[in-house]
Amino acid sequence: MRVAVVAGPGRTALLQELAEDGSAYAAPTLVNDLPAAVAEHERAGPEHGGSVRWVWADTSTAYPLLLRAGVRVDRCHDVALIEALLLARGEAPAGAGSMVAQGAPLAQAVAVAPRAAAGRWPDPAPGAPGQATLFGPAEPGIDEARDVLGALVLAHADQLRRIAADTHPARFGLLAAVESAGGLAAAEMSARGMPWRADVHDALLAGLLGPRPGPGLRPPRLAGLATQISAAFGGRAVNPDSPAQLLKAFAIDGVPVPSTRSGVLRGIDHPAVPFLLEYKELARLHAAHGWAWLDEWVRDGRFHPEYVVGGVVSGRWASRGGGALQIPRVVRRAVVADPGWTLVVADAAQLEPRVLAALAGDDAFAEAAGTGDLYQALAGAFGGDRAKAKVALLSAMYGGAGGEASQLLAVLRRRFPLADAYVEAAARAGEEGRVVRSRLGRSCPPPSAEWRDLTASPDEPGADDQRARRSLRARGRFTRNFVVQASAADWALVLLVGLRRRLADLAGSAGSAGLAGTADPAGAGGSFRSGAPVRALDGPGLVFFQHDEVIVHCLRAAAPDVVAAIGDAAQEAGRLLFGATPVRFPVTTAVVDCYADAK
DNA sequence: TTCCGTTGCGCG
DNA sequence: AAAGCGCGCAACGGAA
């Protein structure tokens with residue numbers, strides 16, 4: 001059953017039951033307490049022929065409010081996310097061809113719906129008071145909610161039609177489902193938070209940088225290195241944070257460098273280099289994940305990053321604030337399970353080349369990808385050299401071919417012609433300005449108008465011609481990589497969503513066995529959530545998702561079940577994407593107390 | 001003062 | 001012959 005939902009004044013909302021084709025078969029009903037109404041539907045769902053799929057405008061605004069009220073939902077259809085997937089295919093903008101007779105253009109409905117769906121009931125979380133009324137929309141009246149609901153229902157039905165009309169409706173429908181479920185998983189992970197020991201992090205920083213300095217000051221270790229660097233430049237004052245000053249200082253000493261990248265500096269003979277390399281590494285840690293980061297992002301033993309589903313064109317997630325997807329390896333020491341709990345860290349091994357093998361249907365390649373170590377299996381084609389096999393593969397997928405790689409590429413081309421042809425075709429499509437798609441049908445962006453202008457007249461001699469060639473090649477590399485990276489993202493998303501479902505089943509069935517558990521570090525009492533404990537987030541839960549890696553936080557006793565669930569979800573992902581294929585998608589799992597011990 | 005492009009580096 | 005893909009964030013330094 002599908003139920004469209006739009007928030008009204010206070011905790012009220014309008015709900016409308018929909019048929020599977022998206023058409024409304026009952027009048028909207030007004031509920032006084034949306035979280036309670038949703039919770040009731042979720043409880044009643046299974047006995048009434050399957051759980052509800054909530055149809056709403058934007059999970060990232062609607063769902064956190066439900067989670068805060070302790071309500072988890074199983075399934076949804078996120079109209080904003082799905083509209084983005086549909087529009088990316090390059091169809092005419094919604095409204096041009098598919099405008100619904102009496103309604104506003106669908107694009108407008110989608111644009112307005114999140115505003116209303118955000119809900120306006122009292123928000124106990126800390127925030128800027130008054131901001132909502134100053135800059136945000138006024139609380140929606142029930143009439144406005146009714147209008148938005150109408151638009152939402154039409155938009156949703158239209159999206160179902162457009163999905164069904166896709167070249168591969170089953171795959172694209174799966175993409176729509178997992179994209180929406182990804183939105184749910186992202187909101188849950190943000191709310192649940194990643195276990196984070198501020199004391200461990202602080203000790204780690206102090207060990208590397210010295211005691212915490214006053215605001216705006218360099219930590220002792222960095223200050224010392226800065227002094228040594230200036231001394232190495234003959235006593236000139238040089239700010240090591242300034243590439244411009246460094247370039248000048250090197251030039252004055254007769255050692256011109258093209259840039260101050262650490263890779264460049266490593267090949268330079270100058271007394272300042274060793275200090276500089278160490279300074280850069282530590283300064284980076286201090287600036288990106290130092291004490292200021294700790295103050296801002298870690299509360300009550302949890303790091304609460306905000307994930308942006310669909311934030312990357314390839315379908316990977318992005319993050320907003322806290323650099324959640326760039327946590328340096330050293331800092332992972334601070335990610336520690338609660339007492340009695342553990343972390344299950346799972347990583348898809350060599351995901352992208354395996355995805356390529358399955359995509360291309362290259363038997364020889366797929367056979368190699370049917371083993372545990374893909375690169376080792378391919379090494380035979382490269383004189384037994386695993387490293388060479390890896391370089392060749394990465395070059396094929398990224399479009400690189402510097403130095404030795406070109407010869408390795410030639411070997412790859414000869415031995416695995418279909419895999420080579422697959423990425424070459426994608427590159428050609430890109431150079432011709434076409435759009436390519438992932439396995440499940442996510443489309444890459446079309447070339448910009450500037451790109452079309454620049455590449456329109458190819459054989460004009462001169463500087464423009466050079467630029468045109470470069471742009472052409474760059475887009476070829478982009479689309480070449482897109483088909484692999486985006487299909488790998490498809491796979492990872494299917495894994496994530498399948499795992500989320502299995503973890504919920506585990507929590508549901510394990511309550512009496514004591515495997516569910518409630519994470520409540522240091523007796524925090526859920527104070528971050530400013531209210532009652534959030535039952536929706538009890539039990540084994542996803543706490544991290546980074547492209548091809550997931551982390552589950554669970555009671556120790558539940559770890560074996562979680563490991564099994566991950567394996568099942570990975571197998572299911574391979575099957576859903578590629579059907580019968582010899583390619584395996586192995587996942588390495590580590591059950592550890594600390595994230596840093598996972599690799 | 002604020003804004004923004006560049007540089008550099010963390011992650012996959 | 002040479003070129004590799006995708007992000008977020010912080011600091012700098014010149015422009016506005």
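Lettering follows sequence order; numbering is per chain, from 1.
Stem list for DNA chain C (at least 3 consecutive Watson-Crick or G-U pairs, distances under 3.5 Å): B:1-12 with C:5-16.
In this structure, A:Q485 reaches the bases: a heavy-atom distance under 4.0 Å links it to at least one base atom across the strands shown. Counting non-hydrogen atoms under 4.0 angstrom, A:R332 reaches the backbone sugars and phosphates but no base. If you check every strand for non-hydrogen atoms under 4.0 Å, A:L285 touches nothing. The residue A:R261 sits close only to the backbone: its heavy atoms come under 4.0 Å of sugar-phosphate atoms, none of a base. A:R329 comes within contact range of the sugar-phosphate backbone alone, with a heavy-atom separation under 4.0 Å but no base atom that close. Residue-level contact check: A:G311 touches neither bases nor backbone, having no heavy atom under 4.0 Å from any strand.
The aromatic rings of A:F250 and A:H270 lie perpendicular to each other, with more than 60° between the two planes, well past the 30° mark. Using cut-offs of 30° and 60° for the angle between ring planes, the A:F578 and A:F585 rings count as parallel.
Distance, A:R442 CZ to C:dG6 C1': 13 Å, rounded to whole Å. A:K280 has its NZ atom 14 Å from the P atom of C:dA11, to the nearest Å. Taking atom CZ on A:F482 and atom C1' on C:dC7, their separation rounds to 14 Å, with Å as the unit. For the pair A:L351 CG and B:dC11 P, the computed distance is 19 Å after rounding to whole Å. Note: CG (A:L394) to P (B:dG12) measures 14 Å, nearest angstrom. As a whole-Å value, the separation of A:H286 NE2 from C:dA11 P is 8 Å. Regarding A:L282, its CG atom lies at a distance of 18 Å from the P atom of C:dA10, rounded to whole Å. Between A:R354 atom CZ and B:dG12 atom P the separation is 18 Å, expressed in whole Å.
Its glycosidic angle being within 90° of 0, C:dG4 falls on the syn side.
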* Check the pair A:E431, A:R473 against salt bridge (charged side-chain N to carboxylate O under 4.0 Å, His left out), reporting the backbone distance first and the verdict last. => CA-CA 7 Å; A:E431 294 192 8; A:R473 301 281 177 246; 3.0 Å; yes
* To do: Dump the intermediate steps for salt bridge (charged side-chain N to carboxylate O under 4.0 Å, His left out) on A:D253 and A:R236, then the final yes or no.
  => CA-CA 11 Å; A:D253 280 3; A:R236 268 189 310 279; 2.9 Å; yes
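Listed pair A:S319 / C:dC7 fails the phosphate criterion, with no side-chain N or O lying under 4.0 Å from OP1 or OP2.
Distances from the side chain of A:D548 to the nucleotides C:dG6, B:dG10, B:dG12 place B:dG12 closest. When the nucleotides C:dA3, B:dC11, C:dG6 are ranked by their closest atom to the side chain of A:R477, C:dA3 comes out on top. The side chain of A:S262 lies closest to B:dC9 when the candidates are C:dG6, B:dG10, B:dC9.
Sparse packing is recorded around CD of A:E281, with 12 or fewer heavy atoms of other residues, nucleotides or ligands lying under 6.0 Å away.
Annotation: of the two residues near DNA chain C, A:A288 and A:A474, the 5′-most nearest-nucleotide partner is A:A474.
For the P atom pair drawn from B:dC9 and C:dA2, the interatomic distance equals 24 Å after rounding to whole Å.
Residues A:H289 and A:R284 are not in side-chain contact: their nearest non-hydrogen atoms beyond the backbone lie 4.5 Å or more apart. A 4.5 Å side-chain heavy-atom check between A:R414 and A:V411 finds at least one atom pair inside the cut-off. Contact check for A:H168 versus A:R437: no side-chain heavy atoms found under the 4.5 Å cut-off. Residues A:P240 and A:R218 meet the side-chain proximity criterion, which asks for heavy atoms closer than 4.5 Å. Counting heavy atoms from C-beta outward, A:L440 and A:W491 have side chains that stay 4.5 Å or more apart.
Within residues 217-252 of chain A, the residues approaching DNA chain C are A:N239, A:D241, A:S242, A:Q245, by heavy-atom distance under 4.0 Å.
With a 6.0 Å cutoff to the six-membered ring centre and a 45° limit on the axis angle, A:R500 does not count as a cation-pi contact of A:F545.
For C:dG8, the base has no donor-acceptor partner in the side chain of A:R320 [N/O atoms by modelled type, under 3.5 angstrom].
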